[in-house]
Amino acid sequence: MSALGVALAVGAAGAVGALTRVMLDDAWLAYRAGRASRAGDPAGSGRLAGLAGWPWPLLIVNVVGSFVLGWVHGALPAGSAWATVIGAGWCGGLTTFSTWAVVAAGALKERRWARAATVLLGHLVLGLCAAALGLALAGA
């Protein structure tokens with residue numbers, strides 16, 4: 001694949017990754033709204049109600065992106081066009097460091113220390129574990 005072809009493929013894959021993230025976030029918001037309307041309680045109910053405000057879609061995309069990136073790094077030759085398209089393109093569009101930082105910074109600003117720590121460490125630890133699992137499954 002030519003350099004221009006790789007660049008275009010990375011851009012297209014990045015767009016698909018970003019759209020996947022937006023669609024997951026929209027699906028989560030629709031799920032939460034439907035649940036709240038059925039329960040008559042915007043905070044939800046049950047023992048997991050406190051986790052309703054947790055940024056689940058953000059965690060999912062970052063962990064999935066880390067896993068795929070680990071797998072790509074282990075399964076495809078370094079510098080291959082497909083590794084670049086999937087890694088930099090799709091994974092780059094899917095994952096979001098900036099939103100992770102904004103969510104953590106917001107929790108710190110609000111002095112919600114436990115939430116800030118769990119957001120920061122949860123994404124970091126689960127992302128590293130997912131990347132290691134991807135590497136392992138790729139045989140690296």
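Because the structure is a prediction, the values reported are computed rather than measured.
- Hydrophobic clustering (ILVMFWY, side-chain heavy atoms < 4.5 Å, transitive): V64 and W56 are in distinct clusters.
- Atoms OG1 and CZ, on T95 and R21 in that order, are 7.5 Å from each other to the nearest 0.5 Å.
- What you find for C91 and V68 is that their closest heavy atoms are SG-CG1, 3.5 Å.
- Between V103 and P55 the shortest heavy-atom distance is CG1-CG, 4.0 Å.
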Please list every donor-acceptor pair under 3.5 Å in which a side-chain atom of residues 115-140 meets a protein atom from a residue at least two apart or in another chain.
| residue | atom | partner | partner atom | Å |
| --- | --- | --- | --- | --- |
| R115 | NH1 | G53 | O | 3.2 |
| R115 | NH2 | G53 | O | 3.1 |
| T118 | OG1 | A114 | O | 3.0 |
| T118 | OG1 | R115 | O | 3.0 |
| H123 | ND1 | N62 | ND2 | 3.2 |

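- Through direct or relayed side-chain contacts under 4.5 Å between Ile, Leu, Val, Met, Phe, Trp and Tyr, L108 connects to W113.
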Compile the donor-acceptor pairs under 3.5 Å between side chains in residues 1-20 and protein atoms, sequence neighbours left out, one pair per line.
| residue | atom | partner | partner atom | Å |
| --- | --- | --- | --- | --- |
| S2 | OG | G5 | N | 3.0 |
| T20 | OG1 | V16 | O | 2.7 |

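- When hydrophobic clusters are built by joining Ile, Leu, Val, Met, Phe, Trp and Tyr residues whose side-chain heavy atoms come closer than 4.5 Å, directly or via intermediates, W82 is grouped together with V72.
- Ring pair W100/F97 is perpendicular by interplanar angle, where above 60° counts as perpendicular and below 30° as parallel.
- Follow the hydrophobic side-chain contacts under 4.5 Å out from V61 and you reach W90 in the same cluster.
- Hydrophobic clustering (side-chain heavy atoms under 4.5 Å, transitive across Ile, Leu, Val, Met, Phe, Trp, Tyr) keeps L94 apart from W28.
- Linking Ile, Leu, Val, Met, Phe, Trp and Tyr whenever their side-chain heavy atoms come within less than 4.5 Å leaves V63 and L69 in two separate clusters.
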